Amino acid sequence: MKLERSARPAPHRDRTVTWLALVLAALWLILAAIPGTRGVFLTQENLAVLLVQSSVLLVLSVGMTLVILIRGIDLSVGAGVALTGTVAALVQLKLGGSAPLAIAAALATGALVGVWHGVWTAWVGVPSFIVTLAGFKAYRGGALVLSGAKGLSPMSDGFEALAGSIPTGATYAAVLVVLALGVALTLRDAQRRKQLSLAPLTARTFATRIGLQVALATVVLAVFGDRGMPVLVVLAGAVAVAGVFVTKRTRFGRHLYAIGGNPEAARLSGIDVRRTTLGAFVIVGVLTALAGVMLAARVNGVTPGSQGNLLELDAVTAVVIGGTSLAGGRGSIAGTVLGTLVFSTLANGMNHLRVDSNLQLIFTGLVLLVAVGLAKGRRS
Amino acid sequence: MTVELRKIGKTFPGVRALHDVSLEIRPGEVLGLVGENGAGKSTLVKILSGVYPVGTYHGELVVGGKLTAFRSTFDARRAGVAIVHQELALIPELSVAENLVLGREPTALGMIDHEGLELAARAMLADVGMAELELDAPVGTLGVGVQQILEIARALADRASVIVLDEPTAALSDSEVETLFSLVRARKAEGASFVYISHRLEEIAALCDRVAVLRDGELVGLVEPTVDLVPLISGDVHVHVSRARARARSEAVLSVEHLRVAHPSRPGVCVVDDLSFTVAAGEVVALAGAMGSGRTATLSALFGTARAGISGRVTVDGKPVALHDPRAAIDAGIAYVPEDRKAMGLVLELSAVDNLALSSLARLSKLGVVDNARAEHAALTRVREMSIKVPDLAAEVATLSGGNQQKLVIGKWLDLEPRVLLLDEPTRGVDVGAKAEIYALVEELVARGHAVVLASSDLPEVVRLADRVLVLRDGKLAGTLEGDAIAPLAIMQLAVGPMPDAEKAREARA
């Protein structure tokens, strides 16, 4: 059947994302230009540090986005980072397990935590705020009990590799493969639309999509091309890309938006709200464990009492700056990635400007308020 | 008090909602306001009642001879203009009494005066003929119709001199409509004026003194209510109200035996009590009856959404259906179009494509990955087939008119080719044109062999669509009408039951 081309193709019109990208670019330019940073901000060296610093938070923020999309929250991820890091460290140090085994144990712990949250939230019906507030206390306690309240370090060699970088060749290969996949997906979309006689992607959409992908790849290669990409950044990048794919292109992802927008309508459309909720919490749990492993690798050890402290609130901050609504149903992983980068950029920039760390707290708080306030202003 | 609207105009981004509308509302009159969805009725009354503050529109508002500028609904209320919105604005968790006095709770020394509150609430309920309603019941547990009446009671209690009623009867049963009408007439006799928006032209004729007709944002007529309004409203479309008859009968698709649904809060009471019926392929069976008679409860029980206390046996094509889970109902071939499309049918933040795909994502995806192009293609096909008017498939459905939203709710099921379609108030708050289209759609689905169960308080609709009418009263089957016996009066008589004093009551009112 030939259809007329009256309906325009769904344009990608997430203005929050465009706006945030501009804010980030402006921040970078300002930080590069002002004398206080002595010209070091926009160097390869500093950007690499910035991305490594963002990586743990990014992984947590992607997971947090999923639960916030369904009107939930996970306050336990900071404590979860400590618990899963402790599990990994204990497997290595006390049981003499290999790095892969330690990581697997941490991820399994994270998944179990996620199942626990999901069951309490979706089947028992306790609000996720409460369920994960309980976790916030319990997992920190669990980490302290398991470790005997002692710091665990150093991690073994296999683990340390996580804190290293992949070779330059592999960096190029990885970036180019992801770029190729991205371009292929865009081309496939265009071809599918043609097949189904839908209005074709406009030249602008097409150019924007491909252009963005190429630009991103260029930036990444400019920063890491000659030094190799840190494994932490590889992992965070993979999580971000997977997050975008899952939310935009999978059934599970579309269900998240439906449930967050109107749980009753979703249920009456035959969507299994409980299973989807469980799925979201399990993913957050696994990502928390991944972040736990990454942080343990980065600092080469675990301090159960303080590791990951308040990271859950940093993640919520990044997600909210990224335009995801705490009321559910609206938001995107792309926004979260940019929100995380804005957050980390501010921290990095203030460090270069030698801003007192206490003042940094005040400033970060104000930024959160202003970001959400502006977003409201633009929407209405 | 005379209210005058002078050369009112308003544009939304890209749309001219109103253009140069001038209108006078005289004291002690009921002014009808009609027009298709999107004609500008709601926009006009929102300007009149301060929802759209001064500065967001052109033109002048003159109240009682004085040029007035409302900055908020609060301003409007103070000036004596109140509006009862089509959408319910009650707080579901609060009780009937608390909702009624919300914002003007009687206090003594700063504390809530509970006795005073109860007294005030009782008086307000008595005013709208619902004196027997439980004051402590959370509003959320009541039917939409009852909630609507509470909302009206609230506006009436304000003693406003101009009251805007936006589709007040959309969810009311006929007797409730009568109650409302006598209320309006009583207030009118005291000098209050009303702006009455309705799609039901027989109501306009019965109640209004003058009728203003809007089309595409312009005032196209200010006429006597006896004039044939349909051509004015729609331009040219002639709405044909007749019954399609004599459909071929086949064996039962849906069979319901001894369905019982317990009342959610009152033990021992059944909202559906021992109901049995069958629906054949290509047949429309309507459930009629007053508000609370068990129409909606039956449909939601069949779809597995009622939480507890259901018994009975339901089969589709002979296969039993579990009654505890919408998923099981859908898998058995049942689809459900709920009465409240915004709260239960649509995800307003999502696009038309996403909403249409809501129940068929499994078919549109492989290994969990959605084929977005196919989803859009399916949506585009559906949108054309059902002539759903969307400016843009990617736009949030919150911006669409009621009729188009309703079509989306129906449309999201069609990909699944359901055997049984449950329709609850399918044309509530929908304009004349869209209504006719939805009827045509139902006819077409029936012709294709779907079985349809229709729950409706709109008697002409029941007469128009049904092959068989089951009239419910207090959850029980009061009677069945078939063929030529289906008529509004017959349905009403069964729904109300033997009422020896009915005649007397009518005389007393007149």
Side-chain angles (χ1 to χ4, degrees), chain A residues 1-14 69 185 188-201 245-276 279 325 327-331 379, chain B residues 300 303-305 325-331 335-338 340-355 357-362 364-381 383-384 390-398 409 412-413 416:
Chain A
M1 171 178 32
K2 179 83 180 166
L3 289 161
E4 297 156 48
R5 290 170 175 177
S6 74
R8 280 179 285 141
H12 191 73
R13 51 153 144 216
D14 205 336
L69 271 181
L185 205 55
R188 199 188 109 88
D189 282 353
Q191 190 220 346
R192 278 296 276 166
R193 299 188 69 87
K194 206 169 154 192
Q195 245 176 33
L196 295 169
S197 308
L198 293 167
L201 291 178
F245 185 82
V246 166
T247 48
K248 294 288 173 213
R249 289 183 181 259
T250 67
R251 191 155 27 124
F252 171 75
R254 302 320 297 165
H255 285 177
L256 293 178
Y257 282 93
I259 291 169
N262 188 343
E264 186 64 6
R267 192 174 76 95
L268 293 181
S269 300
I271 293 173
D272 194 331
V273 177
R274 292 194 289 204
R275 240 173 49 195
T276 309
S325 160
R330 274 181 225 267
R379 199 165 292 156
Chain B
S300 57
F303 196 65
T305 72
D325 180 20
R327 187 72 252 175
I330 293 167
D331 290 342
Y336 178 45
V337 176
D340 190 339
R341 61 180 162 267
K342 284 186 182 169
M344 301 158 80
L346 293 168
V347 182
L348 295 171
E349 291 90 342
L350 293 183
S351 67
V353 177
D354 286 334
N355 272 287
L358 222 47
S359 38
S360 51
L361 271 177
L364 294 169
S365 43
K366 252 185 231 149
L367 299 173
V369 178
V370 180
D371 185 341
N372 286 335
R374 231 181 95 199
E376 194 182 321
H377 180 261
L380 195 57
T381 313
V383 160
R384 275 162 201 296
V390 287
D392 180 342
L393 278 175
E396 290 186 7
V397 299
V409 181
K412 77 175 177 188
W413 293 114
L416 299 179

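This is a predicted model, so every value here is computed, not measured. All values below come from the heavy atoms of this structure, side chains included, with hydrogens, waters and symmetry mates left out. Naming: A, B, ... by sequence-line order, numbering from 1 per chain.
Note on residues 344-353 of chain B: no pairs pass salt bridge (Lys or Arg N to Asp or Glu O under 4.0 Å), not counting sequence neighbours.
In terms of heavy atoms, A/R251 sits closest to B/S365 at NE-OG, 3.1 Å. The two residues A/A258 and B/V347 make their nearest non-hydrogen contact at O-CG2, 3.7 Å. The nearest pair of heavy atoms linking A/Y257 to B/L350 is CB-CD2, 4.0 Å. Among all heavy-atom pairs drawn from B/L361 and A/R254, the shortest one is CD1-CB, 3.6 Å. The two residues B/K342 and A/N262 make their nearest non-hydrogen contact at O-ND2, 3.1 Å.
Partners of A/S269 according to the side chain to side chain contact (heavy atoms under 4.5 Å, CB included) rule, which considers only residues two or more places apart in sequence or in another chain, are B/L358, B/S359, B/K412.
Per-residue heavy-atom pair counts under 4.5 Å with chain A were compared for B/D354, B/V370, B/L364, and the maximum is reached by B/V370. Interface check for chain B: of the options A/R192, A/H255, A/R188, the most heavy-atom pairs under 4.5 Å are formed by A/R192. In terms of heavy-atom pairs under 4.5 Å with chain A, the best-connected choice from B/D371, B/D331, B/L367 is B/D371.
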Task: Verdict with supporting geometry, B/N372 and A/D189, side-chain contact (heavy atoms from CB on, under 4.5 Å) - done: CA-CA 8 Å; B/N372 286 335; A/D189 282 353; 5.9 Å; no

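Under the 4.0 Å criterion applied to side-chain N and carboxylate O atoms, A/D272 and B/R327 are not assigned as salt-bridge partners.
For the atom pair CG of A/L268 and CG of B/L346, the computed distance is 11.5 Å after rounding to the nearest 0.5 Å.
Using a 4.5 Å cut-off between heavy atoms, B/A362 touches chain A through backbone and side chain atoms alike.
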